[in-house]
Amino acid sequence: MSSLTQSQALAAAISAAIGAAIERGDLVGTIPVTIPLERPKNRDHGDYATSVALQLAKPAGMSPRAVAELLQSDLLDLPEVSSVEIAGPGFINITLNRSNQAELVSTILSSPETYGTGNSLSGISINLEFISANPTGPLHLGHTRWAAVGDSLGRVLSAAGALVTREFYINDRGNQMDLFGKSVEAAALGQPIPEDGYQGDYISDLADAVVKENPKIKELAAETRYESFREAAYKVQLAEQQGVLETFNTHFDVWFSERSLHEAGAVEHALTKLRTQGHVFDSEGAIWLRTTDFGDDKDRVITKANGDLTYFASDTAYYINKRERGFDICIYMLGADHHGYVNRLRATAACAGDNPDYNVEILIGQLVKIMEGGEEVKLSKRAGTIITLEELVEKVGVDAARYTLIRYPVDTPMVMDIDILRRNTNENPVYYVQYAHARIAAVLRNVAELGIPIGLSNFDPSQLSHDRENELLGTLAEFPVVVAAAATFREPHRVARYLEELAGVYHGFYADCRVLPLGEEAISPLHSARANLCAATKQVLANGLELLGVSAPERM
RNA sequence: GUCCCCGUAGCUCAGUGGAUAGAGCAACCGCCUCCUAAGCGGUAGGUCGCAGGUUCAACUCCCGCCGGGGACACCA
């Protein structure tokens, strides 16, 4: 029995028991669509608990405990159940047969790589867009959060069976690009940077790089010279972003250029499509999309009165382009400063004839604050006090940076304390989790050295009856449920939190359950069983860390 | 003004409408002559911002306040 079906099977059994009671006429009511089934925090409350009797009591006109009693014997008849207790106001606490639970080790070890994956999003094609920074500067802290979380979410969605395309939208068009080109040009010529231009030190570095590569660039005609600078610097900057993201374990399937969108005539195409849907109108010389038809605060301009296209035009065309590429769901991960996009993007989808509640999803991420030396580091592009992805990695390493950023739900502002992350002690949860993995690796090295037989043919589940073993098995069983929930709610932090719990449970097991023979003790089936349990735990830790893009070290 | 997010232990934060609200850090007390002590066990620490409502049951859902952060464009 795999673990996902363990809870599913129980829920189904409870449904069946309710159905039988109704059939017999003992119970009045209907079977709830979903059966509340949870793993109680308190171990005294069994392996699983359900409050379904409390729910059914009122419509049935019975006391919750009486309802629970109706279901008790049916549940007790299940082979995997060892006891069913009614507790408190009417909770049903179910304890599973231990050796039956221990079969989970076989499940994990027989399909090690895929344990935890599922099919809850099977066949759904998802476009996951994140970061999408302008190619006019280095990636900063906000981008870094998205890099970690977006990448991990991609992994989680894939694990749930979705067909995921990770996409980076390059805003390589418009005034900002021109300003960028002029800024680099000015730096190269030793002239003052334009008023609204880009100020950071990296601009002069870019200028040096560009001049080095194109020695004659300064001699070009002054009127259009900035364009050459723009193009050359763009290439350098984009390549740098791509390189940095690679080192951060963040992979994109598609780097989508805004220019290519325009070159392909996507805006006109989108306008045509939107016109047929009847939400485009002309006013004051401009062309508008009536997004207010679908909950936006105001209508949006697509083509300005002077004929220029707005950014909204690009965004709209891009959305339609994504849908025409066959994506069922378009997920946008945006910063808090973009929350005004939510309504207009949803409205755009509706204008295009899509379902804004299904085809488009917008995840808004809150800001990251940085503490260093006990003080908040104020971030300002102007003052040049931005922290880049590269700097963060330099300070704390890829694993700690990724883990810390993923560990929190994105809709809460978070504080990163650089000093703590740099200390590399167990104050940082990533080490706690990685240590558990490395510790098991050490145990398994000793297992191999001592010649303890391991593997499915040397596994006797009935050996595992200790409370700690049972607790560990129960936690391992949760992994697929956690992954599925992380995918459903788009919340990879659930995986990180789970791993911390699993690591803690393992450490507890390790303290109380000796794996290796002690002294002259003979090797027994218990040693093999525990070694296999260790191997299964190691696998789940590794699978979980993989979903976060964090390494699982063999030694620390 | 309108909208979004947040308010839980000293700090940083988890918490599917369920039982005695949790973890890490910080504080205090214990545990290595044999598996990695980057670990384990224990103690202490709470008006879940405030006030109503829905419910058998509210930290969780709804309404209103208070406090903190952020966003509004024919900018990019």
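We name chains A, B, ... by the order of the sequence lines, and we start the count at 1 in each one. Below, each value reflects all heavy atoms present in this structure, side chains not excepted, and no hydrogens, waters or symmetry copies.
Across the strands present, B:C48 finds no partner; the criterion is a Watson-Crick or G-U wobble pair with both atom distances under 3.5 angstrom. When both pairing distances are held under 3.5 Å, B:U2 makes a Watson-Crick or G-U pair with B:A71. Base pairing of B:C13 is made with B:G22, judged by Watson-Crick or G-U wobble geometry with both donor-acceptor distances under 3.5 Å. Remark: B:U55 base-pairs with no nucleotide in the shown strands. Criterion, Watson-Crick or G-U wobble with two distances under 3.5 Å. Of all nucleotides present, only B:U43 satisfies the Watson-Crick or G-U wobble test against B:A27, with each distance under 3.5 Å. Of the nucleotides present, none pairs with B:U33 by Watson-Crick or G-U wobble criteria with both distances under 3.5 Å.
When distances run from any side-chain atom of A:Ala286 to the nucleotides B:C74, B:U36, B:G18, the shortest one goes to B:C74. Relative to the side chain of A:Ala442, the nucleotides B:C56, B:U36, B:C35 differ in distance, and B:U36 lies closest. Here B:C6 is the nucleotide among B:G39, B:G41, B:C6 with the atom lying nearest to any side-chain atom of A:Asp411. Here the side chain of A:Glu38 is nearest to one of B:A37, B:A19, B:C34, namely B:A19. With B:C74, B:A37, B:U16 as the candidates, the nucleotide lying closest to the side chain of A:Val301 is B:C74. Closest contact between the side chain of A:Tyr408 and the listed nucleotides B:A19, B:U36, B:C13 involves B:C13. Among B:U36, B:C56, B:A14, the nucleotide with an atom closest to any side-chain atom of A:Val443 is B:U36. When distances run from any side-chain atom of A:Arg344 to the nucleotides B:A73, B:G15, B:C56, the shortest one goes to B:A73. Of the candidate nucleotides B:G18, B:C6, B:C13, B:G18 has the atom nearest to the side chain of A:Gln55.
With rounding to the nearest 0.5 angstrom, the CG atom of A:Leu405 is 7.0 Å from the CG atom of A:Leu141. In this structure, A:Glu478 CD and A:Leu502 CG are separated by 11.0 Å, a value rounded to the nearest 0.5 Å. How far OG of A:Ser283 is from CZ of A:Phe281: 6.0 Å, rounded to the nearest 0.5 Å. In this structure, CG in A:Asp196 is found 12.0 Å from CD1 in A:Ile193, a value given to the nearest 0.5 Å. Atoms CD and CG, on A:Glu469 and A:Leu526 in that order, are 6.5 Å from each other to the nearest 0.5 Å.
No side-chain donor-acceptor contact under 3.5 Å links A:Thr95 and A:Asp47.
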**Study point:** Stepwise salt bridge (Lys or Arg N to Asp or Glu O under 4.0 Å) test for A:Arg290 and A:Asp296
**Key:** CA-CA 9 Å; A:Arg290 201 185 312 278; A:Asp296 199 5; over 6 Å; no
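Using a 4.0 Å heavy-atom criterion, one finds that A:Arg530 contacts no nucleic acid atom at all. The residue A:Arg514 sits close to a base: some heavy atom pair falls under 4.0 Å. Among the protein residues, A:Ala49 comes within range of the nucleic acid bases, having at least one heavy atom under 4.0 Å from a base atom. A:Gly519 comes within contact range of at least one nucleobase, with a heavy-atom separation under 4.0 Å. Contact annotation for A:Phe489: no contact, since no heavy-atom pair falls under 4.0 Å across all strands. Within the nucleic acid shown, A:Pro409 comes within 4.0 Å of sugar-phosphate atoms alone, with no base atom in reach, counting heavy atoms only. Among the heavy atoms of the strands, none lies under 4.0 Å from A:Glu258. Using a 4.0 Å heavy-atom criterion, one finds that A:Glu284 contacts the bases of the nucleic acid, with or without backbone contacts as well. Among the protein residues, A:Cys513 comes within range of the nucleic acid bases, having at least one heavy atom under 4.0 Å from a base atom. Within the 4.0 angstrom heavy-atom criterion, base atoms lie near A:Leu516. Backbone-only engagement by A:His493 is indicated by non-hydrogen atom pairs under 4.0 Å involving sugar-phosphate atoms exclusively. Residue contacts for A:Phe180: at a heavy-atom cut-off of 4.0 Å it reaches no nucleic acid atom on any strand shown. Heavy atoms of A:Phe91 sit under 4.0 angstrom from at least one base atom.
Ring-centre distance between A:Tyr234 and A:Phe180: not below the 6.0 Å cut-off. A ring-centre distance under 6.0 Å is found for A:His279 and A:Phe294. The distance between the ring centers of A:Tyr498 and A:Phe479 falls below 6.0 angstrom.
Taking atom P on both nucleotides, B:G15 is separated from B:A51 by 25 Å, rounded to a whole Å. Taking the C1' atoms as reference points, B:C59 lies 12 Å from B:G22, given to the whole Å.
The side chain of A:Arg300 places an N or O atom within less than 4.0 Å of a non-bridging phosphate oxygen (OP1 or OP2) of B:A73. The side chain of A:Asn446 places an N or O atom within less than 4.0 Å of a non-bridging phosphate oxygen (OP1 or OP2) of B:U36. Between A:Lys298 and the phosphate of B:C72, there is no side-chain N or O to OP1/OP2 separation shorter than 4.0 Å. Phosphate proximity of B:C40 to A:Tyr432: present, with a side-chain N or O under 4.0 Å from OP1 or OP2. Under 4.0 angstrom from either OP1 or OP2 of B:A37 there lies at least one side-chain N or O belonging to A:Arg439.
Scanning atom types as modelled, one donor and one acceptor separated by under 3.5 angstrom connect the side chain of A:Asn93 and the base of B:A19.
Nucleotide B:C34 is shown with an anti base, its glycosidic torsion being more than 90° from 0.
Contacts between residues 302-317 of chain A and RNA chain B, defined by a heavy-atom separation under 4.0 Å, are made by A:Lys304, A:Ala305, A:Tyr311.
Spacing between atom CD1 of A:Ile35 and atom P of B:G18 amounts to 15 Å, rounded to whole angstrom units. Counting to the nearest Å, the P atom of B:A14 and the CZ atom of A:Arg494 are 12 Å from each other. Straight-line distance from the OH atom of A:Tyr403 to the C1' atom of B:A14: 11 Å, rounded to whole Å. Here the P atom of nucleotide B:A38 and the CD1 atom of A:Ile440 are 16 Å apart, to the nearest Å. The distance between atom NE2 of A:His507 and atom P of B:G39, rounded to the nearest whole Å, is 6 Å.
The aromatic rings of A:His507 and A:Tyr432 lie perpendicular to each other, with more than 60° between the two planes, well past the 30° mark.
Place A:His45 and A:Asp299 on RNA chain B by their nearest nucleotides, and A:His45 ends up nearer the 5' end. Comparing A:Lys58 and A:Tyr341 by the nucleotide of RNA chain B that holds the closest heavy atom to each, the one mapping nearer the 5' end is A:Lys58.
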